[in-house]
Q: 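The structure's right below; bear with me while I get my questions together.
Indexing begins at 1, ligand by ligand and atom by atom, following the structure's order.
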Amino acid sequence: VSYKGRFAPSPTGPLHLGSLVTATASYLEARSRGGQWIVRMEDLDRPRCQAGAAAEILRALEAYGFAWDEPVLYQSARDEAYAEAIRRLGDLVYPCACSRRDVCRCAEGLPPGRTARSLKVRGGDFVLRRADGLYAYQLAVVVDDAFQGVTDVVRGADLLDSTPGQIYLFRALGLPVPRYVHIPLVRDAQGDKLSKQTLAPPLPLDDPAPVLRRAMQFLGQEAPALPVNELWNWAFSAWDLRRLPHGTEIDSGLC
Ligand code: GLU
């Protein structure tokens with residue numbers, strides 16, 4: 001496959017305009033290149049996931065006219081693959097006794113009398129398995145992007161800081177590194193990223209076309225007023241990544 005993109009939501013709440021903008025960018029980048037596109041449910045952080053949110057997200061994606069090429073992969077079913085990746089990293093992995101506030105020197109060896117809480121990776125010095133036993137997003141996203149053969153990641157600029165660590169892990173595991181595009185984040189009137197934390201409203205499912213058009217307009221595309229299917233067909237040929245607004249934020253003047 002020469003192009004395989006993905007949308008990887010965390011089911012901590014329903015889809016909102018910010019996540020629709022991200023999904024739209026990754027879908028259009030894939031489809032306009034004749035590529036494949038998949039959806040992965042990043043339900044790794046069990047305590048933060050909301051019952052029913054994954055199903056709700058998939059229903060919303062369907063209502064907005066997205067179609068994915070493979071069954072949805074759930075990270076909650078992938079613990080064995082993450083454990084295997086940690087084994088493969090071998091000596092690069094070290095146990096760490098620190099909390100976030102500590103100045104950490106555990107890469108040189110656990111201080112006497114301390115017990116390991118998490119597992120970290122040498123060089124990157126970020127967590128691979130958390131103190132609560134859950135695998136970290138940084139590890140899972142790399143293992144799964146490689147497992148699913150993702151060639152191109154299109155996601156929000158809020159994840160830009162995570163990208164170097166992910167590239168480091170791909171290389172350490174001997175896996176091919178995908179290409180990355182980070183798109184600007186939609187901000188609400190208060191300047192906050194639209195997110196579940198800032199209580200961005202869920203996407204309306206009864207009349208998706210105007211909202212989808214809005215999402216495309218945020219992405220710099222001059223989308224016309226059309227029903228959903230025709231809007232997608234317009235966008236598959238008109239989509240141009242170079243029209244994305246510059247910078248890491250889109251001032252929405254909405255909400
Ligand atoms: N699951 C992450 C999120 O919802 C996105 C991961 C990614 O695109 O790499 O923020």
Q: Within ligand 1, which atoms have a heavy atom of Arg155 less than 4.0 Å away?
A: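 Here the atoms of ligand 1 in question are 7 (C), 8 (O), 9 (O).
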
Q: Between Asp45 and Arg130, is the closest basic N to carboxylate O distance under 4.0 Å?
A: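 Counted as a salt bridge, because a side-chain N and a carboxylate O are separated by less than 4.0 Å.
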
Q: Go through ligand 1 atom by atom and flag the ones less than 4.0 Å from a non-hydrogen atom of Val141.
A: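 With Val141 as reference, the close atoms of ligand 1 come out as 9 (O).
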
Q: Using a strict cut-off of 4.0 Å, indicate which atoms of ligand 1 neighbour a heavy atom of Ser10.
A: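 Result: 1 (N), 2 (C), 3 (C), 4 (O).
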
Q: Tell me, please: is Tyr137 in heavy-atom contact with ligand 1, that is, under 4.0 Å?
A: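 It does, in that a heavy atom of Tyr137 comes within the 4.0 Å cut-off of ligand 1.
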
Q: Cut-off 3.5 Å, side chains only: do Arg6 and Gln148 have a donor facing an acceptor?
A: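 No - no donor-acceptor pair under 3.5 Å links their side chains.
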
Q: Heavy atoms only, cut-off 4.0 Å: how does Leu159 contact ligand 1, side chain, backbone, both, or neither?
A: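 It is the side chain that gets close, since no backbone atom is under 4.0 Å.
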
Q: Below 4.0 Å from ligand 1: does a non-hydrogen atom of Arg6 turn up there or not?
A: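 True for this residue.
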
Q: For atom 6 (C) of ligand 1, which of Glu42, Arg40, Gln138 has the closest heavy atom?
A: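 Result: the heavy atom closest to atom 6 (C) of ligand 1 is in Glu42.
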
Q: Within 45° of the ring axis of Phe147 and under 6.0 Å from its six-membered ring centre, is that where the NZ or CZ of Arg78 lies?
A: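 Relative to the ring axis of Phe147, which defines the angle, Arg78 lies inside both limits.
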
Q: Taking heavy atoms and a distance under 4.0 Å, where does Met41 meet ligand 1: side chain, backbone, both or neither?
A: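 The answer is neither.
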
Q: When the ring centroid of Phe66 is compared with that of Trp232, is the distance short of 6.0 Å?
A: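 Centroid distance Phe66-Trp232: below 6.0 Å, so yes.
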
Q: Verify, without hydrogens or angle tests, whether Tyr94 (side chain) and Leu110 (backbone) share a donor-acceptor contact under 3.5 angstrom.
A: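 No, Tyr94 side chain to Leu110 backbone: no donor-acceptor pair under 3.5 Å.
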
Q: Are Glu29 and Arg155 ion-paired here, with the side-chain N under 4.0 Å from a carboxylate O?
A: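 Between Arg155 and Glu29 there is no salt bridge, as every charged N stays at least 4.0 Å from the carboxylate O atoms.
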
